[in-house]
Amino acid sequence: MSKGLPKRSEDYSLWYNELVKRADLAENSPVRGCMVIKPYGFSIWEKMQAQLDKMFKETGHQNAYFPLFIPKSYLSKEASHVEGFAKECAVVTHYRLKNSEDGKEVVIDPDAKLEEELIIRPTSETVIWSTYKNWIQSYRDLPLLVNQWANVVRWEMRTRLFLRTAEFLWQEGHTAHATKQEAVDEAVQMMEVYAAFAEQYMAVPVVRGIKSENERFAGAEDTYCIEALMQDGKALQAGTSHFLGQNFAKAFDVKFATKEGGLEYVWGTSWGVSTRLMGALIMAHSDDNGLVLPPKLAPNQVVIVPIYRGDEELAKISEKAKEIMTKLRSKGITVHFDNRDTHKPGWKFAEYELKGVPLRIAMGPRDLENNTIELARRDTLSKETVNLSEVNLEDYIFDKLEEIQNSIYTKALSFRKEMTTEVNSWEEFKEILESKGGFISAHWDGTGETEDKIKELTKATIRCIPIDREDEDGQCVFSGKPSKGRVLFAKAY
RNA sequence: CGGGGUGUAGCGUAGCCCGGUAUCGCGCCACAUUUGGGAUGUGGAGGUCGUAGGUUCGAAUCCUGCCACCCCGACCA
């Protein structure tokens with residue numbers, strides 16, 4: 001295996017693919033489009049899950065689990081929902097295998113055909129709303145605030161590790177409310193939860209916005225989203241939160257008795273983030289040396305590498321390392337002491353850089369003598385010597401981790417600012433998109449036709465209508481028709 | 001699903017045009033010397049050449065089908 005990673009500037013997508021594999025995050029599986037998430041990659045996902053789960057619970061949600069299989073007929077109950085997902089559903093038609101005539105292989109037993117085929121969930125709105133029908137009778141049963149952590153399958157044509165896989169892991173929240181306003185508030189709240197998570201934990205700045213009709217979730221009235229910008233100037237939808245109106249309530253006949261004695265359909269939301277966040281995390285911060293992980297999501301925040309000759313020296317360093325580990329752990333810092341004798345220090349340095357460990361402590365005989373350590377920062381690749389008799393190491397490291405967390409966020413934010421361009425003419429639009437990429441802030445006449453044409457001509461789509469956009473009269477960058485504000489265009493993942 | 005490309009050891013590859021049982025590097029195993037930025041030497045293990053068939057005395061090499069993967073389109077979180 002060669003040493004260097006491909007360069008981002010030379011082949012960004014090759015760099016990404018190689019990085020995912022070499023950093024031990026994930027690999028392809030025997031089944032096309034599926035992936036094996038390796039322990040290191042999964043431990044990052046677990047950190048994400050833990051934090052998100054906490055945030056969901058703090059906003060009043062409870063976890064539940066709904067089945068993987070959905071009766072085929074359910075999917076067709078909400079018209080636009082079927083249309084959106086029908087083309088990418090895996091279908092179970094049989095429930096038994098048997099040995100072939102020659103006994104050499106197993107074949108589907110034709111006698112075991114299901115009366116009604118089962119869909120492997122591409123998302124769970126249908127099965128959940130069919131269940132909610134039984135759970136909801138009165139306004140007293142509302143709001144119903146449920147989340148589930150699950151896998152879903154969408155049979156995609158072209159897949160990429162984490163960014164788009166046929167099977168992926170996610171969470172999907174499904175809520176039911178008595179009033180429209182309450183449901184809208186819920187959808188907005190969850191978008192804000194996602195945004196806070198992305199910014200504070202992943203250190204990825206995001207634009208909060210609303211999807212245009214073309215980009216909206218199949219079955220939703222409004223789709224709120226968070227959009228992030230990757231280092232190659234392409235946008236990535238990192239999370240969506242949908243206001244479903246009464247669409248699913250009507251499709252599955254979910255009504256409730258109001259306080260006043262009436263009978264009304266409930267209002268719904270659904271919202272999700274997936275293992276795609278891993279892709280966002282990787283592409284937002286990492287460099288040509290490997291991953292750069294934000295301390296808040298790094299499986300190990302600090303690694304200690306001993307430098308020694310012989311067992312005696314290792315024993316001395318180990319003793320010191322254990323002291324340091326105890327101190328760091330007392331501050332809640334996760335630390336790993338790599339005392340493997342099978343690899344040399346230089347090899348380990350490269351390895352932990354590839355894996356994005358935020359801080360590395362190296363300790364050798366010189367350090368023992370001087371009561372120092374060498375501290376290396378992954379994000380800046382800078383090194384310093386820290387004198388242990390001069391500082392309180394656990395506080396020093398704690399602060400340093402926070403500094404790294406902030407620093408990579410700030411770096412990503414200034415990149416996004418630099419890569420967001422306001423344009424006012426079609427010529428400029430095309431020019432910027434080709435030469436620079438990134439987000440293009442431009443006026444749009446609000447029609448799907450214009451959006452389609454722009455997509456056809458440039459491959460750029462409307463990523464969102466930013467929540468905080470300013471009202472500004474202008475003319476659509478493509479059609480010249482009147483517009484009331486700017487939207488963000490970009491080429492997207 | 002359309003167009004293009006590629007399948008040779010765990011990974012990356014040479015050989016294919018011009019047929020004679022496979023090259024090199026990384027990795028792996030053993031031993032020794034090494035250890036402050038991916039160590040070095042010596043020895044060793046590992047291959048139904050994607051798969052099925054055809055041509056031939058003989059196929060990694062030529063022909064046909066199939067499968068998988070990659071890139072570009074259509075679709076999508």
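The figures here come from the full heavy-atom set of this structure, side chains too, leaving out hydrogens, waters and symmetry mates. Residue numbers begin at 1 in each chain, while the letters A, B, ... track the order of the sequences.
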- prompt: What distance, rounded to whole Å, do you find between the two C1' atoms, one in B/C62 and one in B/U56?
  reply: 10 Å
task: Could you check whether A/L163 gets within reach of a base, just the sugar-phosphate, or nothing at all, counting any heavy atom under 4.0 Å?
output: base
message: Students often mix this up, so state it plainly: with edges at 30° and 60°, are the rings of A/F243 and A/W267 parallel, tilted or perpendicular?
response: parallel
What are the atom names and distances for every N/O pair under 3.5 Å that joins the protein to nucleotides 28-35 of chain B?
from	atom 1	to	atom 2	distance (Å)
B/U35	OP1	A/R309	NH1	2.8
B/U35	OP1	A/R309	NH2	2.9
B/U35	OP2	A/R309	NH1	2.2
B/U35	O2'	A/Y308	O	3.2

message: Taking the nucleotide of RNA chain B with the nearest heavy atom to each, does A/K348 or A/R154 sit closer to the 5' end?
response: A/K348
Whole-Å C1' distance, B/C28 and B/C11: 12 Å
- prompt: Mind checking the P distance from B/U23 to B/C49? Whole angstroms is fine.
  reply: 14 Å
field: Carboxylate-amine/guanidinium proximity below 4.0 Å for A/K455 and A/E215
entry: no
message: I'd like to check A/T165 versus A/E156 (side-chain heavy atoms, cut-off strictly below 4.5 Å). Are they in contact?
response: no
P-based separation of B/C18 from B/A39 [nearest Å]: 46 Å
- request: State which residues pass side chain to side chain contact (heavy atoms under 4.5 Å, CB included) with A/A90; sequence neighbours excluded, sorted by chain then number.
  value: A/I120, A/V153, A/W155
Syn-anti status, with the boundary at 90° from 0, for the nucleotide B/U21: syn
query: Among all residues two or more places apart in sequence or in another chain, which pass the side chain to side chain contact (heavy atoms under 4.5 Å, CB included) test with A/R160?
result: A/S13, A/Y16, A/N17, A/L163, A/Y493
Got a list of protein N/O to nucleotides 6-8 of chain B N/O distances below 3.5 Å?
none

- line: Residue pair A/T165/A/G33 against RNA chain B: nearer the 5' end by closest nucleotide is A/G33
message: Does A/K453 qualify as a cation-pi partner of A/F478, given the criterion of NZ or CZ under 6.0 Å from the six-membered ring centre and within 45 degrees of its axis?
response: no
query: Roughly how far apart, to the nearest Å, are B/C69 and B/C29 at atom C1'?
result: 31 Å
field: Six-ring centre of A/Y74, A/K77 cation under 6.0 angstrom, axis tolerance 45°
entry: yes
message: So A/Q237, base contact, sugar-phosphate only, or nothing? Heavy-atom distance under 4.0 Å.
response: sugar-phosphate
query: What is the distance, rounded to the nearest whole Å, between atom CZ of A/F349 and atom P of B/G36?
result: 8 Å
field: Separation of the P atoms in B/U61 and B/U6, to the nearest angstrom
entry: 15 Å
- prompt: Heavy atom of residues 350-384 of chain A under 4.0 Å from RNA chain B: which residues?
  reply: A/A350, A/E351, A/E353, A/R360, A/A362, A/G364, A/P365, A/R366, A/D367, A/E374, A/K383
Residue pairs passing the side chain to side chain donor-acceptor pair (under 3.5 Å) test where at least one lies in residues 312-324 of chain A, sequence neighbours excluded: A/K320-A/N371
message: Among A/Q189, A/H61, A/M190, which residue satisfies the side chain to side chain contact (heavy atoms under 4.5 Å, CB included) criterion with A/T175?
response: A/H61
task: Return the set of residues passing side chain to side chain donor-acceptor pair (under 3.5 Å) with A/Q51 (not counting sequence neighbours), or none when no residue passes.
output: A/Y201
field: Residues in salt bridge (Lys or Arg N to Asp or Glu O under 4.0 Å) contact with A/E434, at least two apart in sequence or another chain
entry: A/K491
query: Roughly how far apart, to the nearest Å, are B/U42 and B/A22 at atom C1'?
result: 25 Å
statement: Residues at least two apart in sequence or cross-chain that pass side chain to side chain contact (heavy atoms under 4.5 Å, CB included) with A/N63, listed by chain then number, are A/D53, A/K57, A/N147, A/W149
- request: Could you work out the separation of B/C72 and B/C31 based on their P atoms and round it to a whole Å?
  value: 48 Å
query: Looking only at side chains, do A/N300 and A/T334 share a donor and an acceptor under 3.5 Å apart?
result: no
- prompt: Relative to the ring of A/F489, is the ring of A/F429 parallel (under 30°), tilted (30 to 60°) or perpendicular (over 60°)?
  reply: perpendicular
query: Looking for any heavy atom pair under 4.0 Å, which part of the strands does A/T240 touch: base, sugar-phosphate only, or nothing?
result: nothing
field: Stem list, RNA chain B (Watson-Crick or G-U pairing under 3.5 Å, at least 3 consecutive pairs)
entry: B:1-7 with B:67-73, B:10-12 with B:24-26, B:28-33 with B:39-44, B:50-54 with B:62-66
field: By side chain to side chain donor-acceptor pair (under 3.5 Å) - contacts of A/E351 (at least two apart)
entry: none
Detail all sub-3.5 Å separations between protein N/O atoms and N/O atoms belonging to nucleotides 70-72 of chain B.
from	atom 1	to	atom 2	distance (Å)
B/C72	OP2	A/R158	NH2	2.3

- prompt: Angle class for the A/F168/A/W170 ring planes (parallel below 30°, perpendicular above 60°, tilted otherwise)?
  reply: perpendicular
statement: Only one of A/R377, A/R360, A/K348 passes salt bridge (charged side-chain N to carboxylate O under 4.0 Å, His left out) with A/E353, and that residue is A/R360
statement: In whole angstroms, the gap separating C1' of B/G38 from CG of A/D288 amounts to 17 Å
- prompt: For A/Y493, which contact category applies under a 4.0 Å heavy-atom criterion: base, sugar-phosphate, or nothing?
  reply: nothing
